[in-house]
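We number each residue from 1, following the sequence as shown. Counting starts at 1 for both ligands and their atoms, in listed order.
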Amino acid sequence: MTTSQITWDLTELFPSLINPKVDQTIAEAKALADSFEKAYRGKIASLSAEDLMRSFEDIEAFEAKFSDVTLYSSLSFAADMTQPQAQSLNDRVDKLSANISKQLAFYSLELGALVKSRPQIINEPTLSNYKHMLERAQRRVEHQLSEVEEQLIIEKDQFGVNAWEELQSKWLNTRLFDVMVLGEKKTLSYGEANGLLSHPDRDTRESANRSIYGLLGKDGEVFSAALRSICNDWVTVSKRRKYASPMESSLINNDTQEVIIRNLLETVEEGAESYRRYLKLKTKLMDLPVLGNHDIVAPLPESAELKFNFQQAQDLVIQAYNRFDPQYASAVKEIFEKRHIDATPRFGKRNGAFCASYYNGKSAYILQSFNGTLTDVFTLAHELGHATHDWFASRNQTLLNMNIPSTVAETASIFGELLLTDRLLDSAKSDSERKALLCLVLDEAGMTAFQVTARVWFEQALYASIEEGEYLECKTICSHWIKSRDRIFGDAVRWFPEMEAEWTMKPHYYMANYRFYNYPYVYAQMFVYALYQKYLEEGKAFVPKLMKILSAGGSISPLEIGGIVGLNVASPEFWMSGLKVFERFIGDLEKII
Ligand SMILES: [Zn+2]
């Protein structure tokens with residue numbers, strides 16, 4: 001198993017890239033989009049509940065057909081980005097997809113107009129399957145502009161605010177970084193240099209950090225011009241769309257409320273004290289006088305001994321899910337049996353890891369680059385959690401209800417990581433193995449819950465600054481970042497001066513019209529911790545509740561999702577229960593130091 005290639009089998013989708021079935025499916029999908037436009041353009045607002053129901057089924061039929069092609073082309077391309085046939089199909093499908101979304105853009109606008117003029121339709125029994133989707137449409141409608149205005153925004157953004165976003169990613173992808181790797185000078189791409197930030201060798205980490213942020217900081221004026229324009233644009237657009245704040249759009253997209261997020265962030269701020277306590281433990285474990293910023297996510301020396309081949313990783317993850325419940329583990333077992341996973345690292349393959357939903361197959365496909373580290377085993381458990389979510393949701397929901405907000409989409413994945421953590425802690429042979437494990441888990445949660453919270457504050461500070469009429473020059477932006485960062489890290493970490501430019505590299509800050517990507521991750525982490533606590537209290541009685549949560553897909557709100565397990569995310573004390581799980585891991589670590 002160690003030497004054989006773990007590659008996925010896409011023949012369930014299409015026999016090959018050049019098989020005529022690909023063209024045939026594209027033509028059929030296009031025909032469905034055309035007939036949908038013909039049947040419904042200009043007519044949605046006057047549809048009866050029964051006809052509206054039929055329109056939902058029709059759009060789902062189109063999306064189901066088209067999703068096989070978009071999935072196949074993107075997976076083929078991700079597996080080998082250098083393969084000309086995969087490149088060409090991917091490009092063709094991307095363009096077609098953009099054209100079809102323009103062609104069908106009328107649909108959401110007209111649906112908005114419908115729920116605005118006839119809100120009672122939301123409660124029609126015929127439409128009960130789509131009730132929550134219609135409620136979400138109703139929340140958006142107040143902020144929609146006319147079709148012409150919406151089209152103008154899309155056209156102007158393409159070469160306006162989107163270009164700033166493109167500039168940032170072009171910069172990152174075209175620069176080279178000189179890094180001393182284990183004492184040897186290497187000139188590396190951003191992706192390669194970035195991969196060294198958690199290298200086991202401390203000097204290598206320092207060199208990678210200083211090289212990346214030093215070079216980024218030199219062009220701070222370019223990045224501040226980009227970020228300033230994007231944020232100012234957003235403030236203007238938010239006002240034009242009558243959002244109460246620059247965050248409101250994302251609250252609607254994430255199907256949540258401002259007060260819930262405020263409570264969440266306040267709890268994390270209170271918990272930062274515990275995070276700093278952990279960072280001080282880590283300083284001791286690493287035998288350092290003070291923790292440098294380059295040590296925050298460094299692996300403990302002990303973790304180098306933890307190596308796994310793919311078969312071992314597969315067995316561990318299956319065991320972890322099986323211990324929770326054999327039926328719950330079905331998706332995980334099926335992914336391996338059907339070879340829906342591509343795990344071997346190779347040239348031309350997409351970096352990172354993802355899980356792509358395969359609705360028609362009621363399954364999913366997973367890509368990762370498995371190198372045998374503990375982190376890789378956790379990534380596998382995480383992505384298989386997404387596959388589990390897809391497994392349950394696709395069996396119980398129609399396609400329009402597969403649109404799951406980010407606040408909920410990470411539920412099964414983080415839960416899967418916790419199942420693996422418990423499985424590994426139970427079989428750990430020594431305290432040093434336990435330490436390596438707990439630190440990995442705490443590092444991960446520390447980044448997701450705490451460091452990401454600093455990014456929310458940073459983004460809020462940028463908008464507040466604009467509202468106060470401040471000019472966001474490079475130094476001002478740096479000082480907003482340092483203030484937000486220090487609210488989390490306090491005196492627990494010593495930072496290189498180059499780190500004032502840390503904000504420059506986060507692509508999310510530059511995503512035009514997609515603001516506050518950040519807090520849903522904090523939400524998910526803390527919510528799943530609270531969920532796991534429930535599982536520990538209730539044992540087997542909890543299993544069907546989790547299945548119910550995953551089966552619900554996006555058909556109910558995150559608030560109702562919490563209600564399934566008796567958790568009230570709207571209560572100010574709720575988030576404390578998540579924080580307690582984090583603190584318990586710290587307590588476990590303290591016991592073995
Ligand atoms: Zn995930």
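Residue H386 approaches the Zn ion (ligand 1) most closely through its N/O/S atom NE2. Counting just the N/O/S atoms of H382, the one with the shortest distance to the Zn ion (ligand 1) is named NE2. Note on E410: its N/O/S atom closest to the Zn ion (ligand 1) is OE1.
Ring pair Y328/Y321 is parallel by interplanar angle, where below 30° counts as parallel and above 60° as perpendicular. Using bins of under 30°, 30° to 60° and over 60° for the plane-to-plane angle, the ring pair F310/F370 lands in the perpendicular bin. The aromatic rings of Y510 and F223 sit perpendicular, their planes meeting at an angle over 60°, well past the 30° parallel limit.
Within the 2.8 Å limit, C355 places no N, O or S atom next to the Zn ion (ligand 1). The distance from the Zn ion (ligand 1) to the nearest N/O/S atom of E383 is not under 2.8 Å.
Side-chain rings of Y275 and F489 approach one another, their centers coming within less than 6.0 Å.
Side-chain contact, Q525 with Y521: no donor N or O sits under 3.5 Å from an acceptor N or O.
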